[in-house]
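Working notes, beginning with the structure itself.
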Number of protein chains: 2
Amino acid sequence: MGAITLKVGELAKQTGVSVRTLHYYDEINLLSPSHRTEAGYRLYDESDIIRLQQIVSLRQIGFSLEEIRECLEQRSFSVEHIIQLHSTRLREQIQLSQKLLYRLETIAQTMSSMETVSVEALIETIEVMIMLEKYYTPEQLETLKQRQEVLGEEQIQQAQADWQMLIEQARTEMAKGTDPTSAPVKALARRSLELIQAFTGGDPEIEQSLNQMYQQEPPDVASRGAIDAAVMEYLDRARAALE
Amino acid sequence: MGAITLKVGELAKQTGVSVRTLHYYDEINLLSPSHRTEAGYRLYDESDIIRLQQIVSLRQIGFSLEEIRECLEQRSFSVEHIIQLHSTRLREQIQLSQKLLYRLETIAQTMSSMETVSVEALIETIEVMIMLEKYYTPEQLETLKQRQEVLGEEQIQQAQADWQMLIEQARTEMAKGTDPTSAPVKALARRSLELIQAFTGGDPEIEQSLNQMYQQEPPDVASRGAIDAAVMEYLDRARAALE
DNA sequence: TCTTGACTCTGACGTAGCGTGAGGCTCTTA
DNA sequence: TAAGAGCCTCACGCTACGTCAGAGTCAAGA
């Protein structure tokens with residue numbers, strides 16, 4: 001009779017749990033107060049308070065309410081097993097989040113070195129990034145990123161301009177019907193190898209990843225519109241004639 | 001007329017997005033197909049496909065569908081701002097997850113050195129851990145954890161037994177009405193200082209955290225039932241008499 | 001031509017863990 | 001006895017779909 005009982009609001013204040021949460025725990029039969037007043041007010045006694053503290057504790061380590069229920073019901077519940085399960089899931093989730101964060105930071109960095117920050121540019125950046133992730137390992141991407149910083153914006157833009165000019169010249173020769181094994185086109189091919197070399201930095205694995213990408217994706221996709229399949233094949237034949 | 005259009009299933013297959021997702025995007029007016037057949041079949045044309053690809057891209061960096069809509073509507077949408085926002089949120093979330101993971105791993109470690117792995121023991125472990133987190137810095141906890149490993153289980157249990165015996169003796173003296181400033185109780189006080197020293201490893205900051213904890217929490221809570229307030233005060237007086 | 005099977009449609013519920021009202025009692029105090 | 005604080009039970013909302021259910025559509029084979 002004289003035992004201490006608390007009303008929802010009192011229990012809420014004492015434990016820092018919201019009234020709504022206590023209502024909810026009652027609703028899902030996770031924690032139903034042992035008593036009610038005649039008017040229907042919830043009355044929590046000491047055993048209820050202890051149970052609530054247990055629930056709060058288990059929530060602190062990320063257990064779902066369903067898991068907490070099973071845990072407190074002791075129904076053939078392997079504590080070690082579920083701890084391992086949670087650890088594994090959490091590690092995976094952290095990895096995912098870190099990957100996401102890496103993407104965001106890469107984008108922020110890329111955008112910061114751009115004049116216009118349009119939505120189109122953002123989407124373009126994302127598409128490129130996702131494609132690169134498909135073919136290069138994280139380490140390779142890191143290497144490329146670092147070299148990008150070392151070279152500076154100007155050099156990068158210069159390289160892009162070089163590529164553009166080379167492709168334009170190749171397209172012109174192709175339109176003229178010039179044999180890809182002829183000297184001038186072979187010179188262009190040699191120049192393209194130089195540019196590729198400059199990009200890969202001589203790293204054979206990066207070169208392989210690059211080749212992979214250009215084999216799997218259509219050239220205009222892989223180069224983001226810089227080169228089309230026809231010119232690509234024309235240059236390929238010229239390069240093949242170099243050996 | 002002759003333009004290429006795709007039905008939901010076809011678009012789904014081509015892009016790897018589920019049919020249900022396409023229905024949903026239509027429902028929330030994020031991506032409504034430009035055409036319908038007379039029978040009501042959705043027909044996606046090229047512009048729809050492009051829009052879908054944009055949506056997929058923006059999803060890849062963790063944008064919500066609402067954000068994607070705003071982004072594609074170009075409504076005074078600051079790309080940099082939202083990228084920063086997401087980065088910040090993500091970093092916080094990762095930190096939280098890592099904290100959770102740390103807890104799980106600590107628990108797993110603690111439980112692995114226990115004979116019985118009951119639910120009660122789990123909850124007890126969690127409560128201790130949360131309380132320790134409140135008073136010790138992560139670095140201090142790491143230090144304590146390492147020393148725990150170095151010492152080994154036996155030493156830890158020995159220390160606990162030592163404490164238990166000391167407290168028992170103090171309680172006996174107190175019951176006998178012995179003056180806390182008397183020699184035998186002062187000997188107990190000296191012994192307690194030794195044991196505290198053994199726990200803190202002589203680290204003054206750890207000792208301060210420990211004192212903080214025993215000042216803020218009731219002694220039986222801080223010691224997990226090992227010592228009660230009365231004995232605690234008795235020993236405190238004996239220690240005060242040492243100087 | 002009819003049937004079958006693959007596809008499509010809309011509608012509606014479920015998810016996890018509450019937050020946030022709405023509308024109506026109950027209790028205490030002035 | 002009226003007011004204010006606290007309690008009650010609904011019930012919707014949130015995210016981004018998954019998963020039926022029941023019914024219509026379309027192309028191909030018997």
Side-chain angles (χ1 to χ4, degrees), chain A residues 5-44 48 52 55-72 82 85-86 89-90 93 96-97 100, chain B residues 5-44 48 51-52 54-72 82 85-86 89-90 93 96-97 100:
Chain A
T5 57
L6 299 177
K7 286 189 284 181
V8 261
E10 296 164 346
L11 180 58
K13 203 170 289 178
Q14 201 183 88
T15 59
V17 171
S18 77
V19 170
R20 173 60 178 125
T21 297
L22 291 171
H23 281 172
Y24 181 61
Y25 289 175
D26 188 7
E27 189 184 326
I28 63 170
N29 291 316
L30 176 61
L31 174 64
S32 296
S34 301
H35 313 281
R36 292 260 189 168
T37 68
E38 287 186 4
Y41 284 25
R42 275 165 258 254
L43 289 178
Y44 295 86
D48 297 328
L52 177 58
I55 292 169
V56 170
S57 287
L58 292 170
R59 237 185 13 179
Q60 299 259 26
I61 60 167
F63 276 27
S64 72
L65 298 184
E66 190 51 40
E67 285 167 341
I68 293 176
R69 186 212 312 288
E70 288 174 28
C71 192
L72 293 180
I82 204 137
L85 196 72
H86 271 262
R89 280 208 304 237
L90 205 49
Q93 189 234 303
L96 257 178
S97 296
L100 231 178
Chain B
T5 57
L6 298 176
K7 287 188 286 182
V8 260
E10 295 164 347
L11 180 58
K13 203 170 289 178
Q14 202 183 89
T15 59
V17 171
S18 77
V19 170
R20 173 60 179 127
T21 296
L22 291 171
H23 282 173
Y24 181 62
Y25 289 174
D26 188 5
E27 189 184 326
I28 64 171
N29 291 319
L30 176 60
L31 173 65
S32 297
S34 302
H35 313 280
R36 291 258 189 169
T37 67
E38 288 186 3
Y41 282 26
R42 274 165 259 256
L43 289 179
Y44 296 86
D48 298 326
R51 188 174 169 92
L52 177 58
Q54 293 176 336
I55 292 170
V56 169
S57 288
L58 291 170
R59 237 186 13 180
Q60 299 261 21
I61 61 168
F63 276 28
S64 72
L65 298 184
E66 191 51 40
E67 285 167 341
I68 293 175
R69 187 212 312 288
E70 287 173 28
C71 191
L72 294 180
I82 203 139
L85 196 74
H86 270 262
R89 280 209 304 239
L90 205 49
Q93 189 235 305
L96 256 179
S97 296
L100 232 177

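Lettering follows sequence order; numbering is per chain, from 1.
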How many Å lie between OH on B/Tyr25 and C1' on D/dA16, as a whole number?
-> 7 Å

Of A/Ala39 and A/Arg20, whose nearest nucleotide on DNA chain C comes first from the 5' end?
-> A/Arg20

Among D/dC8, C/dC9, D/dC17, the nucleotide that comes nearest once only the side chain of B/Tyr24 is considered | D/dC17

Before giving the answer on side chain to side chain contact (heavy atoms under 4.5 Å, CB included), spell out for B/Asp26 and B/Leu22 the whole-Å C-alpha distance, their side-chain angles and the decisive distance to 0.1 Å.
-> CA-CA 6 Å; B/Asp26 188 5; B/Leu22 291 171; over 6 Å; no

Given atom CG of B/Leu31 and atom P of D/dC17, what is their separation to the nearest angstrom?
-> 12 Å

Side-chain contact test, heavy atoms from C-beta onward, threshold under 4.5 Å: evaluate it for A/Asp48 versus A/Thr5 and give yes or no.
-> no

Using only side-chain N and O atoms of A/Ser18, determine if any of them is under 4.0 Å from OP1 or OP2 of C/dC18.
-> no

Quickly work out the A/Arg69 CZ to C/dG17 P distance and round it to whole Å.
-> 10 Å

Spacing of A/Leu43 atom CG relative to D/dG6 atom C1', expressed in whole Å | 13 Å

Closest heavy-atom contact between B/Gly62 and A/Leu100?
-> N-CD2, 3.8 Å

Taking CD from A/Glu27 and P from C/dG19, how many angstroms apart are they, rounded to a whole number?
-> 13 Å

Taking for each residue the nucleotide of DNA chain C bearing the nearest heavy atom, is the 5' side occupied by A/Thr37 or by B/Glu10?
-> B/Glu10

Using a cut-off of 4.0 Å on non-hydrogen atoms, how would the nucleic acid contact of A/Val19 be classed: base, sugar-phosphate, or nothing?
-> nothing

If you pin A/Arg36 and B/Glu66 to their nearest nucleotides in DNA chain D, which one's is more 5'?
-> A/Arg36

Output the single nucleotide from C/dG19, D/dA16, D/dG18 whose closest atom is nearest the side chain of A/Thr21.
-> C/dG19

Are A/Lys13 and A/Glu10 close enough for a salt bridge, meaning some N to O gap below 4.0 Å?
-> no

Provide the closest heavy-atom pair for A/Arg36 versus A/Leu43 in the form atom of the first, atom of the second, distance.
-> C-CD1, 4.2 Å

Distance-only donor-acceptor test (3.5 Å): side chain B/Tyr41, base D/dG24 | yes

Take the protein atom NE2 of A/His35 and the nucleotide atom C1' of D/dC8, then report the distance between them rounded to whole Å.
-> 19 Å

Give one of base, sugar-phosphate or nothing for A/Leu65, where a contact means two heavy atoms less than 4.0 Å apart.
-> sugar-phosphate

Spacing between B/Leu22 atom CG and C/dT10 atom P, to the nearest angstrom = 13 Å

Distance in angstrom units between A/His23 NE2 and D/dT9 P, rounded = 6 Å

